[in-house]
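Working notes, structure below.
Below, chains carry the letters A, B, ... as their sequence lines are ordered, and counting in each starts from 1. Since we're looking at a predicted model, the values are computed, not measured.
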2 protein chains.
Amino acid sequence: MRFVSIISVLPLLLIAACSLAPEAPSINWAIAVHGGAGTMSRDAPAAQLKAYEDAMTRALVLGKGMLADGASALDVCEAVMRSMEDNPMFNAGKGAVFNEQGKHELDASIMDGSTMRCGAVAGVRTVKHPISLARKVMADTRHVLLSGDGAEKFADVAGVERVENSYFDTEKRRRSLQRLLRERKRTGSLVPSDQSMDYGTVGCVVRDRDGRLAAATTTGGMTGKKWGRIGDSPIIGAGNYADEYAAVSCTGTGEEFIRHSIARSVTARMAHGGETLQQACSAVIHDVLKQGDGGLIAVDRDGNIATPFNSSGMYRAMADSRGRFEVAIFPIER
Amino acid sequence: MRFVSIISVLPLLLIAACSLAPEAPSINWAIAVHGGAGTMSRDAPAAQLKAYEDAMTRALVLGKGMLADGASALDVCEAVMRSMEDNPMFNAGKGAVFNEQGKHELDASIMDGSTMRCGAVAGVRTVKHPISLARKVMADTRHVLLSGDGAEKFADVAGVERVENSYFDTEKRRRSLQRLLRERKRTGSLVPSDQSMDYGTVGCVVRDRDGRLAAATTTGGMTGKKWGRIGDSPIIGAGNYADEYAAVSCTGTGEEFIRHSIARSVTARMAHGGETLQQACSAVIHDVLKQGDGGLIAVDRDGNIATPFNSSGMYRAMADSRGRFEVAIFPIER
């Protein structure tokens, strides 16, 4: 009898032994944030680079604290985006670039990978926090994408704060527009030679402690844009996406991200091609897109983080429940 | 020597024999067209069903003739869409549904799978042929998506014909709006109980004799829409997509097609999951989407055609260079 009972508990003993092995604990939560990709230079003034690192750190600390307190992926994404929309250093909310008419038109989107619900707004001019309006579109309507004046009417219905368009003004961005318009006049080219004018789309991707994934992105678009141009940020599947495999937020030359459905391609490669998060992200950034197009941040359901880019730099920061905490601008040699 | 030379030509003889076998000739060109999916009834007046079949037939004959003459996939897509935009039976161009304010706002997109170039317009009110404006966005700008007033300014630059918004009016669509507004007032619900009011998004997918794939889609959106709502038709990857694997045009509840990046998912499943066109199309319509969401038309690089839908019907027509010519509305038992 005693012999039999030892045999019968052997599998349990084996399982117990395995769980005692010194493996790394699984990741409880993970977060990544970006503040735009582009042709940053290591020769930029140290104080300027430091200011961006500090801004990325503050956004990350906010999200990390909420996640440690058990906040949902969606709440963390919205809160981090709001804080970055308020920061004039970034091209989103206060500090957004000017369009050709000297106005601001903002785009944003948010997606909850655990429910596949999503919301987005394009071309809004008077909404202080576009990401919150995108979330209201997701939560309060049966729609995904609202645009222009109509989206602002919905902001009133939804109780989302509106401001004068001039609230978004900053001197730095105004000088960028003036430089671009002079260049357009001189060369006739619509394409700015200095892409640094557009830096600063912001994004956040999160895996919360309940395993839910969410992604959010906000942008002011391109300096001097016209004709109601909409980029990839408010396009679900292009600049932003979340499902059960991964949450993805992109930044760069929006048209290229739309053309190749970049955010959705990451999760499709994982779902249908069996690729890991790192493989899928690396493929879309380095094989599908062209050098200089931009980058993305992504997190998968296991809390792995990827932040590939093919531009000279990308403002980015990432943290997880195992103590990872990194802030970077340029490629890191490992 | 003679013996050796017979051995050496044997492989060539085998290849010649194989090519003489009575196999079906490969498909030179193929085309599919849709005129919307929804809750059509087999009990509808026979004359009404016949009118839609005739309209689909005319669109198909136009495209088929151009393809037999060697036209490019892109030219065929644009020409077929223009003819359907002119037909008041469809919810695109003349005959488009009314928004809540009693106006028309049109969306369209076009994509060339052989170059990955694409163009789209959203919320245009005065452009007679939205598909031609989308093509101009693709050909003449570095952008993918233009919207609203800005897109109309670009129409003037690009030389695309503009009309009064009332040009798109039809009595049938006006009655639909009035019915919807009465129902909204009575029930408080924003969701129409009769989805038939929105039928008629149009789309075309083509494989031309040079193997190039292209897709195009135009819609007036949803009856009574408000807040600048944009559906899936102008969203590259959602309602329309073309690459080297397939060309896809969708119709149905736009938000669901955006949420799951349906058009892009078809080609992603083929590229990364090794699925056939039929498998990929069937999976997204029957496994990913919900019953009643709608359908799609697709063609792959071998000229295979798929036209799955999960609604009660979808106006559709398809032809290829091997003599296939089919027009249908309801599911076909094979």
Side-chain angles (χ1 to χ4, degrees), chain A residues 99-100 105 111 116-118 120-124 137 141-155 157 190-191 222 225-232 234-238 241 243 253-265 267-275 280, chain B residues 99-100 105 111 116-118 120-124 137 141-155 157 190-191 222 225-232 234-238 241 243 253-265 267-275 280:
Chain A
N99 67 11
E100 197 184 46
E105 292 172 319
M111 187 159 187
M116 299 299 284
R117 298 193 70 182
C118 47
V121 293
V124 296
V137 172
T141 81
R142 59 182 172 132
H143 300 310
V144 167
L145 177 56
L146 301 183
S147 64
D149 296 342
E152 296 180 349
K153 285 202 188 91
F154 171 68
V157 175
L190 292 175
V191 185
M222 300 165 61
K225 65 184 177 181
K226 56 184 187 172
W227 299 331
R229 178 259 186 186
I230 297 175
D232 63 320
I235 307 298
I236 298 295
Y241 203 70
D243 60 15
T253 307
E255 280 73 7
E256 299 306 314
F257 288 78
I258 297 177
R259 197 182 314 288
H260 299 285
S261 303
I262 291 296
R264 176 65 178 104
S265 285
T267 72
R269 283 172 172 268
M270 296 173 72
H272 306 300
E275 295 183 12
Chain B
N99 68 10
E100 197 184 46
E105 292 172 319
M111 186 158 188
M116 298 300 283
R117 297 193 71 182
C118 47
V121 293
V124 296
V137 173
T141 81
R142 58 181 172 135
H143 300 309
V144 167
L145 176 56
L146 301 182
S147 63
D149 295 342
E152 297 179 350
K153 285 202 188 91
F154 171 68
V157 175
L190 292 177
V191 185
M222 301 165 60
K225 67 184 177 182
K226 55 185 189 174
W227 299 329
R229 179 260 186 187
I230 297 174
D232 64 320
I235 307 298
I236 298 296
Y241 203 69
D243 60 16
T253 307
E255 279 74 6
E256 300 306 315
F257 288 78
I258 297 177
R259 197 184 313 288
H260 299 285
S261 303
I262 290 297
R264 177 65 178 102
S265 285
T267 71
R269 283 171 173 268
M270 295 172 71
H272 307 301
E275 295 183 13

request  = Specify which of B:Leu145, B:Ile235, B:Asp232 makes the most heavy-atom pairs with chain A at under 4.5 Å.
outcome  =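 Highest number of pairs under 4.5 Å: B:Leu145.
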
Among the listed options B:Ala120, B:Ala122, B:Ser147, the residue most often paired with chain A at heavy-atom distances under 4.5 Å =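 Heavy-atom pairs under 4.5 Å are most numerous for B:Ser147.
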
query = Got a sec, which residues hit salt bridge (Lys or Arg N to Asp or Glu O under 4.0 Å) with B:Glu275, two or more places apart in sequence or on another chain?
reply =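 Scan of B:Glu275 (salt bridge (Lys or Arg N to Asp or Glu O under 4.0 Å), adjacent residues dropped) gives B:Arg269.
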
ask   = Can you tell me how far the CZ atom of B:Arg142 sits from the CD atom of A:Glu256, to the nearest 0.5 Å?
value =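 One gets 11.0 Å once the value is rounded to the nearest 0.5 Å.
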
key: Atom pair CD1/CD of B:Ile236 and A:Glu255 - distance to nearest 0.5 Å   =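 That separation rounds to 11.5 Å.
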
key: Counterpart residues, side chain to side chain donor-acceptor pair (under 3.5 Å), relative to B:Thr267 (two or more places apart)   =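 Scan of B:Thr267 (side chain to side chain donor-acceptor pair (under 3.5 Å), adjacent residues dropped) gives B:Asp243, B:Arg264.
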
ask   = Tell me, do B:Met116 and A:His260 make a side-chain contact under 4.5 Å, heavy atoms counted?
value =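 They are in side-chain contact.
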
message = Between A:Ile258 and chain B, with a heavy-atom cut-off of 4.5 Å, which part of the residue counts as in contact: side chain, backbone, both or neither?
response =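 Looking at A:Ile258, backbone and side chain both touch chain B.
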
ask   = Aromatic rings B:His143 and A:Trp227: how do their planes relate, parallel, tilted or perpendicular, breaks at 30° and 60°?
value =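 Perpendicular.
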
query = Taking all non-hydrogen atoms of both residues, which atom of B:Arg117 and which atom of A:Arg259 are closest, and how far apart?
reply =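 Answer, listing the atom of B:Arg117 first, then A:Arg259: CA-NH1, 3.6 Å.
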
message = I'd like to verify something: which residue of A:Ser261, A:Ala268, A:Gly273 has the highest number of heavy-atom pairs under 4.5 Å with chain B?
response =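 Among the listed options, the one with the most contacts to chain B is A:Ser261.
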
